[in-house]
There are 2 protein chains.
Amino acid sequence: MHFDDKIPIYYQIKAHIYHEIITGTLQPGEKLPSVRQLALDVTANVNTVQRALSEMIAAGIIDSKRGKGNFVTMDETKITDLKTQLITEQVARAYQQLHALNLSDEEILNSLKHYMTQRGNAE
Amino acid sequence: MHFDDKIPIYYQIKAHIYHEIITGTLQPGEKLPSVRQLALDVTANVNTVQRALSEMIAAGIIDSKRGKGNFVTMDETKITDLKTQLITEQVARAYQQLHALNLSDEEILNSLKHYMTQRGNAE
DNA sequence: ACTAGTGTTCTATTTATCTATTACACTGTA
DNA sequence: TACAGTGTAATAGATAAATAGAACACTAGT
C-alpha cells in the first residue's frame, strides 16, 4: 500500500478501509481480514492497524468481537452517514482552499470541469 | 495560527506563505517579516519557519539575502506558475478522492454546486 | 569600530508515530 | 482439554518533527 509520508499511516489505513466500506467492497456485516492479515496486506504493524481500527470501532462503523474478528456494521444508516460526511469534508476542504487562492465560485467550477475533460481525453 | 496536527507544521507554514504570495498580500519583490518575527506570528519555532523558507527558496519563490531579509521573487512568471500548480494539485486531489468514493463526474459537480449554494445562503 | 537587525547553522531535548515482540483474553473445534 | 485463530494490551526501541537555546555570518547605520 502506498503511503503519503506527510500523514500518519494509521490515518491512511482508516481512510482506505472506509473507502472499501463505502464503495461496497466490504459489505455490511462482512468480516474484515484479521488484524494480522491486514497488517500484512498494507505492510504495516499490527499495532498501527489496531489504532486505525480502534477509531473506526469508536465511530461505530466497525463491530469488534473478541475471538471472532472485526465486522462491518449492519447498520446501513451509519454507512450512508459516513459517506455523506466524507464527501462533505472533501468538497468543503477543496472549496475552501481554492477560495483562499482568490478563485470565484465560477472559476472553481471551471477548473474542475477543465480537469475532468482533460482526464477524460487521456483515458 | 491554527495547525492541523496531522500535517507537519513547516508544511502548513509554507502553504500559508504561498497563499499570501498568490493572493497578492505579499507583492513581488516585497520583503517578508524576519524569520524571528514570522516565528512569533505563526507561534512556531525559528527553525521550523526556516525549514519552510528553505523549501520556498529552493523552489525559487523566495530570494534570501543574508543580513537583509527574505524577499518574494520579482519573477511574476514563477508566481503565476505556482498558482497554476497549486490549483491543479487541489483540484486533482479532490477529484480523485471523490471519484474513489464512486461518485461520477456529474455527482462530483453537483456536490460542489450544492455546497456553494448552501454556503452562499448561510452568509 | 560598534551595534542592531537580519539569515543560517548547530546541539540537545521532547513528543508523536511506527515498529518489533511478547503476552494475555476470548471463540470455536477437534 | 488442547489448540488454532482471533482481538487486545504492554513494553522497548527507532525515527521524524518540533522546540529551545546558542552561536555564527552578513548588512546597514551610527
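Chain letters run A, B, ... following the sequence lines, proteins first, then strands; residues in each count from 1. Note that this is a predicted model, so its numbers are computed, not measured.
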**Student:** Quiz question: by atom type and distance under 3.5 Å, do the side chains of A/Asp41 and A/Gln37 form a donor-acceptor pair?
**Tutor:** yes
**Student:** Under 3.5 Å, side-chain donor or acceptor atoms of residues 63-70 of chain A against the rest of the protein: list the pairs with distances, not counting sequence neighbours.
**Tutor:**
| unit_1 | atom_1 | unit_2 | atom_2 | d |
| --- | --- | --- | --- | --- |
| A/Ser64 | OG | A/Asn70 | OD1 | 3.4 |

**Student:** With sequence neighbours left out, what residues match B/Tyr115 under ring pair (Phe, Tyr, Trp, His ring centres under 6.0 Å)?
**Tutor:** A/Tyr95
**Student:** Tell me which pairs pass ring-ring contact (aromatic ring centres under 6.0 Å, His included) where either residue lies in residues 54-87 of chain A, with sequence neighbours left out.
**Tutor:** none
**Student:** So, does B/Asn70 get its side chain near the phosphate of C/dT6, meaning an N or O under 4.0 Å from OP1 or OP2?
**Tutor:** no
**Student:** Tell me, which pairs form a salt bridge (Lys or Arg N to Asp or Glu O under 4.0 Å) where one or both residues lie in residues 85-94 of chain B, sequence neighbours left out?
**Tutor:** none
**Student:** For DNA chain D, determine which residues of residues 50-61 of chain B have any heavy atom closer than 4.0 angstrom to one of its atoms, and list them numerically.
**Tutor:** B/Arg51
**Student:** For B/Tyr10, which fellow cluster members are found when Ile, Leu, Val, Met, Phe, Trp and Tyr are connected by side-chain heavy-atom distances below 4.5 angstrom, either directly or through intermediates?
**Tutor:** B/Ile7, B/Tyr11
**Student:** Expressed as a whole number of angstroms, how long is the span from B/Lys31:NZ to C/dG5:P?
**Tutor:** 12 Å
**Student:** Can you name the residues that form a side chain to side chain contact (heavy atoms under 4.5 Å, CB included) with B/Glu76, not counting sequence neighbours?
**Tutor:** B/Pro28
**Student:** Which residues within residues 6-21 of chain B lie with some heavy atom under 4.0 Å of an atom in DNA chain C?
**Tutor:** none
**Student:** Classify the nucleic acid contact of A/Ser34 as base, sugar-phosphate or nothing, counting any heavy atom under 4.0 Å across all strands shown.
**Tutor:** sugar-phosphate
**Student:** For B/Leu38 and C/dT8, what is the distance between atoms CG and C1' respectively, to the nearest whole Å?
**Tutor:** 15 Å
**Student:** Distance check: side-chain N/O of A/Thr48 vs OP1/OP2 of C/dT19, anything under 4.0 Å?
**Tutor:** yes
**Student:** Using the closest heavy atom to pick a nucleotide of DNA chain D for each, name whichever of A/Asp5 or A/Gly69 lands nearer the 5' end.
**Tutor:** A/Gly69
**Student:** Can you measure A/Leu32 atom CG to D/dG5 atom C1' for me and round it to whole angstrom units?
**Tutor:** 16 Å
**Student:** CG of A/Asp63 versus P of C/dT27: gap in Å, rounded?
**Tutor:** 15 Å
**Student:** My understanding is that only residues two or more places apart in sequence, or in another chain, count here; which of them pass salt bridge (charged side-chain N to carboxylate O under 4.0 Å, His left out) with B/Lys14?
**Tutor:** B/Glu55
**Student:** Measure CG/B/Asn45 against P/C/dT9 and give the value in whole Å, please.
**Tutor:** 15 Å
**Student:** Going 5' to 3' along nucleotides 22-30 of chain D, which nucleotides have protein heavy atoms under 4.0 Å from the base (write B), which only from the sugar-phosphate (write S), and which from neither (write -)?
**Tutor:** -B-BBSS--
**Student:** Minimum heavy-atom separation for B/Asn45 to B/Ala39, with atom names?
**Tutor:** C-CB, 4.0 Å
**Student:** With B/Asn102, which residues qualify under side chain to side chain contact (heavy atoms under 4.5 Å, CB included), at least two apart?
**Tutor:** A/Thr23
**Student:** If a pair satisfies salt bridge (Lys or Arg N to Asp or Glu O under 4.0 Å) and one of its residues is in residues 95-110 of chain B, list it, with sequence neighbours excluded.
**Tutor:** none
**Student:** Whole angstroms only, please: what is the CZ-P distance between A/Phe3 and D/dA16?
**Tutor:** 17 Å
